[in-house]
Amino acid sequence: MSPAVQVLVGRLRHTAEHSCRLLPKPGTPGAMIDTTSLFLHVLAAIGLIGGGLVQVLAGIRLRAATTVAAIGLWARFTRSAGWLIVGAAVVSLLTGGHLAGAVWGGDAGGFANPFITLGVIGLVVLAPIGPMIGGARLRRLVDAGSTRDDGEDPTHLLAEARSPGLWGPVHSLVGVGVGEVALMIYKPGWLTGTVVLVGTFAAGWIIGSVVASTGSRVGAESHAS
């Protein structure tokens, strides 16, 4: 096992042991509620990243589509994964709020911990940016695919489907999810946590824009030929 993997495994083990120590002992009042809340909180983190990855992978097929019907189909599928992301974000906020008060609170209160407050800010402020911008563009593609004839020239829709302005916001959701998990695992201070959260968000946006720009050039050359 490489040193980097050993460090990561050690971090994960430490986080799990720390969380278990904070949870009430089995058989005490509230133990099952707190344990279930932690379980759902972890599942929500998986759902947040998983939903974002589904959109990223579906985007590959959407950008490769060459007909109006195919563009509408893959845009609809990509957009549908947003419900998983929304559900995961809501569950994360609810369970995180409970854990902040009942488990991670301490004498100063749960939101005195930077990783908790920054995590909430990431879900409330950064995570919605992708759906607001990218989701609106996907909705237009879905509507166009439903109302236009499949024999129409898809050039305009192809440009929309391959636009960096669509895939930057979509990929940023994965970045937010990774940043949230990093906060939960490493529990950094205010400055480092902010840099991690904003950095992963920006990295996701940049990667999505670069991928879309590269695909747009390749797709345009292929369509022209």
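Considering all non-hydrogen atoms of both residues, Thr66 and Pro154 come closest at O-CG, 3.4 Å. Across Ile129 and Phe201, no two heavy atoms sit closer than the pair CD1-CZ, 3.9 Å. Counting all heavy atoms, side chain and backbone alike, Pro169 lies closest to Pro164 at CD-O, 4.0 Å. Nearest heavy-atom pair across Val176 and Gly122 is CG1-O, 4.0 Å. When all heavy atoms of Gly168 and Ser209 are compared, the closest pair comes out as CA-OG, 3.6 Å. Residues Leu99 and Leu38 share a closest heavy-atom pair of CD1-CA, 3.9 Å.
Considering CG of Leu62 and CG of Leu166, their distance stands at 7.0 Å, rounded to 0.5 Å. With values rounded to the nearest 0.5 angstrom, Leu158 atom CG is found 9.0 Å from Thr67 atom OG1. The distance from the CH2 atom of Trp190 to the OG1 atom of Thr192 is 12.5 Å, given to the nearest 0.5 Å. Interatomic distance, CD1 of Ile116 versus NZ of Lys187, reported as 8.5 Å (0.5 Å rounding). One finds the CH2 atom of Trp74 at 13.5 Å from the CG atom of Leu138 (value rounded to the nearest 0.5 Å). Atom CG of Leu123 sits about 4.5 Å away from atom CG of Leu93, to the nearest 0.5 Å.
Judged by distance alone, the side chain of Trp205 and the main-chain N or O of Leu173 form no donor-acceptor pair under 3.5 Å. Listed for the Ser172 side chain is no donor-acceptor partner under 3.5 Å among the backbone atoms of Gly175. Of the possible donor and acceptor atoms, none in the side chain of Ser37 sits under 3.5 Å from a partner among the backbone N and O of Ile33. With Gln55 contributing its side chain and Thr78 its backbone, the two residues share a donor-acceptor pair below 3.5 Å. The backbone N or O of Glu160 sits nowhere less than 3.5 Å from a side-chain atom of Ser163 that would complete a donor-acceptor pair.
The closest side-chain heavy-atom distance from Met184 to His41 is below 4.5 Å. Using a 4.5 Å heavy-atom cutoff, the side chains of Thr200 and Glu180 are not in contact. Within the 4.5 Å cutoff, no side-chain heavy atoms of Leu126 are placed close to those of Ile121.
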Can you list, pair by pair, the side-chain donor-acceptor contacts under 3.5 Å of residues 139-147, counting residues two or more places apart and other chains?
{"unit_1": "Ser146", "atom_1": "OG", "unit_2": "Arg76", "atom_2": "NH2", "d": "3.0"}
{"unit_1": "Ser146", "atom_1": "OG", "unit_2": "Val142", "atom_2": "O", "d": "2.9"}
{"unit_1": "Thr147", "atom_1": "OG1", "unit_2": "Asp143", "atom_2": "O", "d": "2.9"}

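With respect to Val174, the side-chain contact (heavy atoms from CB on, under 4.5 Å) criterion is satisfied by exactly one of Leu53, Leu48, Val54: Leu53.
Residues satisfying the side chain to side chain contact (heavy atoms under 4.5 Å, CB included) criterion with Ile60, sequence neighbours excluded, are Leu57, Arg63.
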